[in-house]
Participant: 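Handing you a structure now.
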Amino acid sequence: QVQLVESGGGLVQTGGSLRLSCAASGRTLTGYAVGWFRQAPGKEREFVADISWNGVSTYYADSVKGRFTISRDNAKNTVYLQMNSLKPEDTAVYYCAIRTVGGNYFLRAESSYNYWGQGTQVTVSS
């Protein structure tokens, strides 16, 4: 059974940066696409970014494109989310998950993912 653990969240000022990590245990991430989602208070969980199994293809929500970068290190069994130019509206709990539905058509859908981590809180102060 795979377990994902997110880390790297915290409190940062507007314009600051954070790097989130998603570490896997119990199964290698090699061969699987991985996504990041976030959920703000009172809102639905929303897609943030996804990276293909080999790291060649990446996908982003329009709201984070140009500011966030998803990457992976398969040797460390870890996926990262570098977040720059943070805004107060980026405040949320951030989750990673393994994409278990093949193809890219539904990669922005929460239902395409399984094995969710517990999340890490990111708070951006104005």
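Everything quoted here is computed from the prediction, not taken from an experiment. Numbers here are sequence positions counted from 1.
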Participant: Taking S52 for the side chain and S57 for the main chain, is one N or O donor matched with an acceptor at less than 3.5 Å?
Facilitator: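 Yes, the answer is positive, given that a donor and an acceptor are paired below the 3.5 Å cut-off.
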Participant: Answer yes if I98 and F37 sit in the same cluster of Ile, Leu, Val, Met, Phe, Trp and Tyr residues linked by side chain heavy atoms under 4.5 Å apart, and no otherwise.
Facilitator: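 No; tracing contacts between hydrophobic side chains, which count when under 4.5 Å, never links both residues.
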Participant: Quick one: do I51 and V64 end up in the same hydrophobic cluster if we chain Ile, Leu, Val, Met, Phe, Trp and Tyr together by side-chain heavy atoms under 4.5 Å apart?
Facilitator: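 Per the 4.5 Å side-chain linkage, I51 and V64 are co-clustered.
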Participant: Does the plane of the ring in F68 sit parallel, tilted or perpendicular to the ring in Y94? Use 30° and 60° as the thresholds.
Facilitator: tilted
Participant: Going through the checks in order, is the side-chain hydrogen bond (donor to acceptor under 3.5 Å, both in side chains) test met by N104 and Y59?
Facilitator: CA-CA 9 Å; N104 300 332; Y59 308 88; 2.9 Å; yes
Participant: Among L18, T91, L81, whose side chain to side chain contact (heavy atoms under 4.5 Å, CB included) with V122 holds?
Facilitator: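 Among the candidates, only L18 passes.
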Participant: Any non-hydrogen side-chain atom of Q82 less than 4.5 Å from a side-chain atom of S17?
Facilitator: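 The answer is yes; the side chains approach within 4.5 Å.
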Participant: To the nearest 0.5 Å, what is the distance between NZ (K65) and OG1 (T58)?
Facilitator: 9.5 Å
Participant: Does T78 use its side chain to pair, donor to acceptor, with the backbone of A23 at less than 3.5 Å?
Facilitator: no
Participant: If we only count heavy atoms from C-beta on, is the V34 to R99 side-chain gap below 4.5 Å?
Facilitator: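 Counting from C-beta outward, V34 and R99 never come under 4.5 Å.
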Participant: Are W36 and V2 co-members of a hydrophobic cluster defined by side-chain heavy atoms under 4.5 Å apart?
Facilitator: yes
Participant: Does the T14 side chain pair with the main chain of S125, one donor and one acceptor, at a distance under 3.5 Å?
Facilitator: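 Yes.
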Participant: Is it possible for you to check whether R45 lies under 6.0 Å from the centre of the six-membered ring of W116, through NZ or CZ, and within 45° of that ring's axis?
Facilitator: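 Yes.
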Participant: Say you draw a straight line from CG of N77 to OG1 of T30; how long is it, rounded to the nearest 0.5 Å?
Facilitator: 6.0 Å
Participant: Does some side-chain heavy atom of L20 sit less than 4.5 Å from a side-chain heavy atom of M83?
Facilitator: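 Touching, per the 4.5 Å side-chain cut-off.
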Participant: Taking the side chain as every heavy atom from C-beta outward, state whether Y80 and I70 have any pair of such atoms under 4.5 Å apart.
Facilitator: no
Participant: In this structure, would V93 and F47 fall into the same cluster of hydrophobic residues linked by side-chain contacts under 4.5 Å?
Facilitator: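 V93 clusters together with F47.
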Participant: May I ask you to decide if A24's main-chain N or O and Q3's side chain share a donor-acceptor pair within less than 3.5 Å?
Facilitator: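 Judged by distance alone, no pair lies under 3.5 Å.
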Participant: Over all heavy atoms of both residues, which pair between A40 and A92 is shortest? Give the atoms and the distance, please.
Facilitator: N-CB, 3.8 Å
Participant: Between Y60 (side chain) and R67 (backbone), is there a donor-acceptor pair under 3.5 Å?
Facilitator: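 No; judged by distance alone, with no hydrogens or angles, the pair does not exist.
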Participant: Can you tell me if E44 has over 12 outside heavy atoms packed within less than 6.0 Å of its CD?
Facilitator: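 Open.
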Participant: Any side-chain heavy atom of Y113 within less than 4.5 Å of one from D50?
Facilitator: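 Yes, side chains in contact.
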Participant: Please determine whether residues L4 and V79 belong to a single hydrophobic cluster, defined as Ile, Leu, Val, Met, Phe, Trp and Tyr linked transitively by side-chain heavy-atom distances below 4.5 Å.
Facilitator: yes
Participant: Measure from NZ or CZ of R27 to the centre of the six-membered ring of Y115 and say whether it is under 6.0 Å with the direction within 45° of the ring axis.
Facilitator: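 Output yes; distance and angle both within limits.
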Participant: Without swapping roles, check the side chain of N114 against the backbone of T100 for a donor-acceptor pair under 3.5 Å.
Facilitator: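 Not at all, since once roles are kept as given, no pair shorter than 3.5 Å links the two residues.
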Participant: Less than 4.0 angstrom from a charged side-chain N to a carboxylate O is my criterion; do R38 and D90 meet it?
Facilitator: yes
Participant: Quick one: does any side-chain atom of E6 pair with a main-chain N or O of C96 as donor and acceptor, under 3.5 Å?
Facilitator: yes
Participant: Would you say the side-chain atoms of R108 pair up with the backbone N or O of E46, donor to acceptor, closer than 3.5 Å?
Facilitator: no
Participant: Kindly say whether L11 contributes a backbone atom to a donor-acceptor pair with the side chain of T123 at under 3.5 angstrom?
Facilitator: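 Checked: no pair found.
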